[in-house]
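Right, one structure below, let's go through it.
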Amino acid sequence: MGKAVQFIGFFMILQGVSGTIDRLFVQPFMGGLLNLFNRVVIPRLDFLTGYEVYANLSLAVLGAAVLVAADRIGAS
């Protein structure tokens, strides 16, 4: 189970960083998969309008927190 949580955390980091790159520039590769949060979730939440970069960066930070938590749980 620890490996699954680590994968989810890593995927969240990829989604957040990729979404930030997509908002600031143009994502040239794997945009459909890596920008799922950026292109599906964020437009449906009205309170995130204008804060898309912050939402993507927050997702990346949350993913890093999930990775650290999975590592600490797996170590004990």
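- Within the structure, the side-chain hydrogen bond (donor to acceptor under 3.5 Å, both in side chains) test picks out the following pairs touching residues 47-61 (sequence neighbours left out): Asn38-Asn56.
- Taking CZ of Arg39 as the start and CZ of Arg44 as the end, the distance is 14.5 Å to the nearest 0.5 Å.
- Met12 and Val41 fall within the same hydrophobic cluster, where Ile, Leu, Val, Met, Phe, Trp and Tyr residues are linked whenever their side-chain heavy atoms come under 4.5 Å apart, directly or through other members.
- Take Phe11 and apply the side chain to side chain contact (heavy atoms under 4.5 Å, CB included) test, not counting sequence neighbours, and it matches Gln15, Leu33.
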Using distance only, find each side-chain donor-acceptor pair of residues 1-8 under 3.5 Å and give its atom names and separation, not counting sequence neighbours.
none

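- Tracing side-chain contacts under 4.5 Å through hydrophobic residues (I, L, V, M, F, W, Y), one never reaches Leu67 starting from Val61; they form parts of separate clusters.
- Remark: Leu48 pairs with Ile42, Leu45, Ala55 by the side chain to side chain contact (heavy atoms under 4.5 Å, CB included) rule, at least two apart or across chains.
- Within a 6.0 Å radius of CZ in Phe37, more than 12 heavy atoms belonging to other residues, nucleotides or ligands are found.
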